[in-house]
Amino acid sequence: KVKLQLLRDFGLEVIYDSGALLTRLRGDPPVDEWDMEPGHVYWNPHVDKANIPTYDYSALLYLNTQGRDFQGGEFAFIDDDADRVVYPRAGRLVTFT
């Protein structure tokens with residue numbers, strides 16, 4: 001369903017999987033499991049395509065709701081003109097490029 005939504009959202013005829021990162025966040029982890037470089041944590045601001053060249057489109061599916069199941073977890077698009085924040089809600093799918 002996520003793949004079909006990406007096709008619809010971006011008017012694509014085909015899309016190829018380039019892998020997936022499935023993660024469960026549990027508060028403050030003692031060690032960053034994705035420690036690519038000292039001091040780096042994957043929830044710091046970044047551009048997916050800069051990290052993985054084949055990441056042309058991304059999707060984020062929330063399984064829980066902020067304020068009911070946990071606190072925090074906002075997803076922010078940091079743009080030159082303004083920051084746009086998405087708040088976690090169970091079933092919410094965010095697609096972006």
Side-chain angles (χ1 to χ4, degrees):
K1 288 183 178 184
V2 171
K3 191 173 184 177
L4 291 174
Q5 190 63 48
L6 283 166
L7 292 169
R8 282 191 294 268
D9 286 352
F10 299 105
L12 305 171
E13 293 182 20
V14 65
I15 192 169
Y16 300 100
D17 295 325
S18 163
L21 171 64
L22 302 175
T23 187
R24 177 181 179 193
L25 299 179
R26 295 189 216 169
D28 295 323
V31 176
D32 180 12
E33 302 85 16
W34 302 98
D35 193 13
M36 296 173 242
E37 60 186 66
H40 172 81
V41 288
Y42 71 90
W43 54 82
N44 281 344
H46 67 276
V47 176
D48 287 347
K49 190 162 181 69
N51 295 328
I52 308 291
T54 56
Y55 282 5
D56 292 321
Y57 302 93
S58 296
L60 173 64
L61 175 62
Y62 287 103
L63 302 178
N64 297 48
T65 298
Q66 179 190 47
R68 183 183 71 200
D69 304 311
F70 63 95
Q71 297 301 318
E74 296 90 354
F75 187 84
F77 293 95
I78 302 171
D79 295 320
D80 291 337
D81 62 332
D83 294 349
R84 290 157 178 86
V85 179
V86 178
Y87 296 94
R89 186 179 74 211
R92 175 172 280 165
L93 177 65
V94 181
T95 61
F96 54 97
T97 182

_Please check this pair: side chain of R89 against backbone of Y87, looking for a donor-acceptor N/O pair closer than 3.5 Å._
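Pair absent, no side-chain N/O of R89 close to backbone of Y87.
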Report the distance from atom [atom1] of [X] to atom [atom2] of [Y], rounding to the nearest 0.5 Å.
{"X": "E13", "Y": "L7", "atom1": "CD", "atom2": "CG", "value": "9.5 Å"}
{"X": "L6", "Y": "D56", "atom1": "CG", "atom2": "CG", "value": "11.0 Å"}
{"X": "R8", "Y": "T95", "atom1": "CZ", "atom2": "OG1", "value": "10.0 Å"}
{"X": "K1", "Y": "L61", "atom1": "NZ", "atom2": "CG", "value": "10.5 Å"}
{"X": "L12", "Y": "L4", "atom1": "CG", "atom2": "CG", "value": "11.5 Å"}

*Any pair with a residue in residues 55-74 that passes ring pair (Phe, Tyr, Trp, His ring centres under 6.0 Å), sequence neighbours left out, goes on the list, sorted by first then second residue, please.*
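Every pair satisfying ring pair (Phe, Tyr, Trp, His ring centres under 6.0 Å) with a residue in residues 55-74: F10-Y57.
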*Check P88 against G73 and note the closest heavy-atom contact, atom names and distance.*
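Heavy atoms of P88 and G73 come nearest at CG-O, 3.1 Å.
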*asked:* Atom CG of residue position D81 - does it have more than 12 heavy atoms of other residues, nucleotides or ligands inside 6.0 Å?
replied: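 Yes, the 6.0 Å shell around CG holds more than 12 heavy atoms from other groups.
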*Given the rule that I, L, V, M, F, W and Y join up when any side-chain heavy atoms are under 4.5 Å apart, are F96 and V85 in one cluster?*
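In one cluster: no.
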